[in-house]
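Comments concern the structure below.
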Amino acid sequence: NQLINNTYILSKIISEYILLNNLNETNITILRPSSIYGPGLSSDKIINKFLRQAYEGKEILLTNPNNITNLIYSEDVARACLSVLNQKGLNVYTLKAKKNISFLKIAKECIKVCGSGKIKVTRNDLSTKLIFEGDGHKIEKELGFYPIFSLSKGLKKILKMKSFYN
């Protein structure tokens, strides 16, 4: 029920339903990426926010450090799009990094990459909330695709471009 109350997720479900049930097209490929990060995202997104705070030597405030997400770099998503371009039939693939990561580890990696910043936990909810689920093995098994950007490598690229100020 919480899933349906999220307008963004609901729009994705409806779009997929329309594609899968109402089109006469026989070649349809749907990519379901986890949380995409990289250049071009707005400055209020968690990666850009954490990187900017670390870069400026400020505190990264965490209210739920144990929340877990899965991040995939934008160039990996672009590579996945190219890898499925000539797919025949109906295909649905989840794109995700091999490992999920906590907000605390994301913040620590931002500080490590920037060489500055601190973490302040304002509320430590010991429960863990997984923000993204999905099996990313199908695209690797069928097409040999897997993400090549580690979180550190992606963060360094964003930092180099200073795109976290967008």
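Along the sequence shown, the residues carry numbers beginning at 1.
Applying the salt bridge (charged side-chain N to carboxylate O under 4.0 Å, His left out) test to Lys108 and every residue at least two apart in sequence or in another chain returns nothing. Remark: Glu59 pairs with no residue by the salt bridge (charged side-chain N to carboxylate O under 4.0 Å, His left out) rule, at least two apart or across chains.
In this structure a side-chain-to-backbone donor-acceptor pair under 3.5 Å is present from Asp76 to Phe149.
Between Cys114 and Leu51, some side-chain heavy-atom pair lies under the 4.5 Å cut-off. By the 4.5 Å heavy-atom criterion applied to side chains, Leu62 and Ile119 are counted as neighbours. Taking 4.5 Å as the limit, some side-chain heavy atom of Leu71 sits within range of a side-chain heavy atom of Leu151. In this structure, the side chains of Ser102 and Asn67 stay at 4.5 Å or more apart for every pair of heavy atoms. Proximity of Lys45 to Phe50: side-chain heavy atoms (C-beta onward) are nowhere separated by under 4.5 Å.
One finds the OH atom of Tyr73 at 11.0 Å from the CD1 atom of Ile47 (value rounded to the nearest 0.5 Å). The OG atom of Ser43 sits 5.0 Å away from atom CZ of Arg52, with the distance rounded to the nearest 0.5 Å.
No option in Leu95, Ile30, Leu31 other than Leu31 meets the side-chain contact (heavy atoms from CB on, under 4.5 Å) test with Val84.
Applying the side-chain hydrogen bond (donor to acceptor under 3.5 Å, both in side chains) rule to pairs touching residues 146-160 yields Glu75-Lys157, Glu109-Ser152, sequence neighbours excluded.
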